[in-house]
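Let me begin by presenting the structure, written as structure tokens, before commenting on it.
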Amino acid sequence: MLNFALRRMAWMAVMLVGLLAITFSISHIAPGDPAALAAGPDATREMVERIRFEHGLDRPLPVQFALYLGNILQGNWGTSINTRHAVWDDLVLFFPATFELVVFSILIAVGIGIPLGVLAAVRQNTWLDHSIRLVTVGGVALPMFWLGLMLQLALALHFGWFPLGGRMDMMTEPVAPITHLLLVDTLLHGEFAIFVECLHHIVLPAAALSIPALASIIRVNRAEMLETLNQDYVVNAMAQGLSLFRIVAIYALRNAMLPTMAMIGLRFGWMLGGTVLVETVFDWPGIGLYAVESAINSDFEPIMGSTIVLGFFFMLTNLFIDIVYALLDPRVREQI
């Protein structure tokens, strides 16, 4: 298992370099002059050329990419032309907000989706199964930004149950960062009132972000449970008089979880890279919004930094899913 993980990590490094090469080429081919945007509309040609020289934008594209990779290996992620801050400092500031939102959302999707998928399979073709399937179709079809707006209108503006956006109230003083995850840091500091406040703020954006993943998890888990429940060993267990709960929990669910785990991993990666709409609607200061603003301003180094972080965590998630696969299925361990 250790050798398998090390091989996968080596391939992760190769894939990250490939991802960076593609992103670097696309971002530099796209129209727009980042030096002119950074200098402003009233800048002289000399000022624009000086900014271009300071950021190495006057060199050939392969040379710029090679220099960028060398700086990354030395821990220098560059400086944002737009914010004038080090890219690493911006990522440390913005990424934890996205990561916290995505983790909270995927926990909601998994915690609700797997039980509903099992319930729909066990109660196949009943009114309960049809109701759950109707919810999944709606969850896949509804756009996240529209759902977020509807949640704001109904639960925030109409009923006043939740705040409109942000990670906490504007008048609340944030705790000193330890992990930069507000929910975790408030617990570590013992600030339970602020923890409840942050939890109150994250519910609506997490709900909007989790609905598509929830629907996909239910559909995959239901389909796999139906197939597993028709297997000979499950039918044999039923014939021996074992309880339905034991058959489902011990025998069927474990095998049905393999494709479901793959879907969870894919959804987690997609959510990491696709939070920009939810972050915009709920004014959530995450990396998705940061990357899009950098792309609009042709700010290349923040785009590359965001690509590295999101790509790394997407690949790390897939590695984790593969390890869980091996733990659940002995046949996978034999192949490793």
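All of these numbers come straight from a predicted model, not from anything done at the bench. Both backbone and side-chain heavy atoms feed into the values below; hydrogens, waters and symmetry mates do not.
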Tell me, do [X] and [Y] make a side-chain contact under 4.5 Å, heavy atoms counted?
| X | Y | answer |
| --- | --- | --- |
| I287 | F99 | no |
| F95 | L272 | yes |
| F104 | L183 | yes |
| F195 | L182 | no |
| I308 | L91 | no |
| L289 | W284 | no |
| F282 | L209 | no |
| V118 | N221 | yes |

Kindly give the heavy-atom pair with the smallest separation between [X] and [Y], and that separation in Å.
| X | Y | result |
| --- | --- | --- |
| V276 | G288 | CG2-O, 3.8 Å |
| M263 | S216 | SD-CB, 3.9 Å |
| L319 | M12 | CD2-SD, 4.3 Å |
| R123 | D129 | O-CB, 3.1 Å |
| H130 | N125 | NE2-O, 3.7 Å |

From [X] atom [atom1] to [Y] atom [atom2], the distance as rounded to the nearest 0.5 Å:
| X | Y | atom1 | atom2 | value |
| --- | --- | --- | --- | --- |
| L277 | L147 | CG | CG | 12.0 Å |
| H201 | D169 | NE2 | CG | 4.0 Å |
| I22 | T307 | CD1 | OG1 | 10.5 Å |

Atom pairs and distances, donor-acceptor, side-chain atoms in residues 149-156, under 3.5 Å, two or more places apart:
{"residue": "Q152", "atom": "NE2", "partner": "L164", "partner atom": "O", "Å": "2.8"}
{"residue": "Q152", "atom": "NE2", "partner": "V281", "partner atom": "O", "Å": "3.1"}

Are T260 and E224 close enough that a side-chain donor and a side-chain acceptor fall under 3.5 Å?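 There is no such pair (donor and acceptor under 3.5 Å, judged by atom type) between the side chains of T260 and E224.
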Following the transitive rule for hydrophobic clusters with a side-chain heavy-atom cut-off under 4.5 Å over Ile, Leu, Val, Met, Phe, Trp and Tyr, establish whether V17 and F314 coincide in one cluster.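 Unlinked, V17 and F314 end up in two clusters.
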